[in-house]
Amino acid sequence: CSKKDDGPAGAGNTDHLPGIVYYDWATEGVLKMNLATGIKSTVLPDDNGRYAWDISRDGRTMLISGKSEDQDYDANLYTYINISDGSIIRKFKYYPKEGDITIPCLSFDQQYIAVEPTYDDGIVIMDINGKVLHNLVSYQGKKIGSHISWMPDNTLLFRVENNLYRTNADFTRAALVRNMNFADWGGFEPSADGSKIAFNASNHIWLMNADGSSMVQVTESDAQEAYPYFSPDGKYLLFGADFHSTGPFGHLWYLTV
């Protein structure tokens, strides 16, 4: 990814790229940007009661976690909607320990929901109707890190200390993918075909095979880059570049392809 003005035709613009990018922006809510046209529109308005959201890989549905509508303070309300018209497919309550705010993640086939570990809970796995199936509290007696990511075959990537692991499909075992010899790393995400894993480490974006082999750094700059996501066809990476302070309490990323 060149940081100079010597890239291919269209570099610096997105009109040569297909698809839509969804993102959360300050007080504007959840937005989407059509890369080919540059047109921005609102998917969900700003809402202080919304905790987190995830979009299905086919871009048709969205899962939202937020405050319960009936002042049930111990519950997170999960709402699964059709993006095209905003209609509700299903709605249910999830009760994390201590009423923690939760971040849900949809599996590739939209059959399962994984909830990222909170201070009180480990990884919680439920079906799409909200029935809790598994709770992975720890691994080998150690606390599981906060970030998780689904693989296309309904296995999960998770972090324990400086190791990246992958579960089996029954969530009864896990295998080491790679020991990450970095002081700071995370944001691991697989490609849609499951062959590659992208992640951030030491301020830059890296790629490796799904088995942890052939690790290579793919970006280079004097600033921080993080949180890569593959395009559905696996040809592009979207990530946050140049994380920097904009004031005493604010920070800014540049969305970069």
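Note that this is a predicted model, so its numbers are computed, not measured. Computed from heavy atoms alone, side chains included, the values below leave out hydrogens, waters and symmetry copies.
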From Met126 atom CE to Phe92 atom CZ, the distance as rounded to the nearest 0.5 Å: 5.5 Å

Plane angle bin for Phe188 and Trp185 - parallel if under 30°, tilted between 30 and 60°, otherwise perpendicular: tilted

4.5 Å side-chain heavy-atom contact, Pro232 and Arg57: no

Proximity of Tyr165 and Tyr139 rings by center, below 6.0 Å: yes

Short side-chain to backbone donor-acceptor contact, Thr219 and Ile205, under 3.5 Å: yes

Whether Thr256 side chain and Tyr254 backbone form a donor-acceptor pair below 3.5 Å: yes

Arg178 side chain vs Met208 backbone, donor-acceptor pair below 3.5 Å: no

Close side-chain approach of Leu156 to Trp150, heavy-atom, < 4.5 Å: yes

Side-chain donor/acceptor of Trp206 to backbone N/O of Ala201, under 3.5 Å: yes

Check: Arg60/Asn82 side-chain N/O donor and acceptor closer than 3.5 Å: no

Expected output: side-chain Ser191 to main-chain Lys196 donor-acceptor under 3.5 Å: yes

Test item: Ile128 and Arg90 side chains (from C-beta on) under 4.5 Å apart, heavy atoms: yes

Residue that, paired with Ile81, satisfies side-chain contact (heavy atoms from CB on, under 4.5 Å) out of Val43, Ile64, Leu63: Ile64

Side chain Ser221, main chain Ala223, donor-acceptor under 3.5 Å: yes

Expected output: side-chain Asn200 to main-chain His204 donor-acceptor under 3.5 Å: no

Under 3.5 Å side-chain donor-acceptor pair for Asp24 and Trp53: yes

Short side-chain donor-acceptor distance under 3.5 Å, Asp120 and Thr118: no

Short side-chain to backbone donor-acceptor contact, Lys97 and Tyr119, under 3.5 Å: no

Mutual orientation of the aromatic rings belonging to Trp253 and Tyr227 [parallel < 30°, tilted 30-60°, perpendicular > 60°]: perpendicular

Trace of the side chain to side chain contact (heavy atoms under 4.5 Å, CB included) decision for Cys105 with Glu116: CA-CA 8 Å; Cys105 307; Glu116 291 197 359; 4.0 Å; yes

Atom of Leu164, atom of Leu176 and distance for their closest heavy-atom approach: O-CD1, 3.6 Å

Donor-acceptor side-chain pairing of Asn162 and Asn181 below 3.5 angstrom: no

Interatomic distance, Asn154 atom CG to Asn168 atom CG [nearest 0.5 angstrom]: 12.0 Å

Neighbour count >12 (heavy atoms, 6.0 Å) for atom CZ, Phe182: yes

Short side-chain to backbone donor-acceptor contact, Asn34 and Ala36, under 3.5 Å: yes

Polar side chain donor-acceptor pair, Gln110 to Asp58, under 3.5 angstrom: yes

Whether over 12 other heavy atoms sit under 6.0 Å from Asp222 CG: no

Verify same cluster id: Val132, Leu136 (apolar side-chain graph, 4.5 Å): no

Tyr95 versus Asp72, side-chain donor and acceptor atoms under 3.5 Å: yes

Donor-acceptor pair between Ser149 and Glu189 side chains, under 3.5 angstrom: yes

Thr102 versus Asn76, side-chain donor and acceptor atoms under 3.5 Å: yes

Donor-acceptor side-chain pairing of Thr61 and Tyr80 below 3.5 angstrom: yes

Arg159 to Glu161 - nearest heavy-atom pair and separation: NE-O, 2.7 Å

Nearest non-hydrogen partners of Met151 and Pro190, listed with the distance: SD-CB, 3.4 Å

Geometric cation-pi criterion, Lys235 with Phe230: 6.0 Å, 45°: no

Shortest non-hydrogen contact between Tyr22 and Gly59, atoms and distance: OH-O, 4.0 Å

Value rounded to 0.5 Å, distance of NE2 in His134 from CZ in Phe171: 5.5 Å

Non-hydrogen side-chain atoms of Met33 and Ile20 separated by less than 4.5 Å: no

Heavy-atom pair of closest approach, residues Val177 and Ala210: CG1-O, 3.5 Å

Polar contact flag, side-chain donor to acceptor under 3.5 angstrom, Ser213-Asp211: yes

Interatomic spacing from NZ in Lys32 to CG in Leu44 - rounded to 0.5 Å: 11.0 Å

Leu106 versus Ile55, closest heavy-atom pair with distance: CD1-C, 4.2 Å

Salt bridge flag under 4.0 Å for residues Glu69 and Lys91: yes

Full working for salt bridge (charged side-chain N to carboxylate O under 4.0 Å, His left out) between Lys67 and Asp47: CA-CA 10 Å; Lys67 294 179 181 178; Asp47 183 357; over 6 Å; no

Sidechain-backbone polar pair: Asn209 side chain, Gly212 backbone, donor-acceptor under 3.5 Å: no

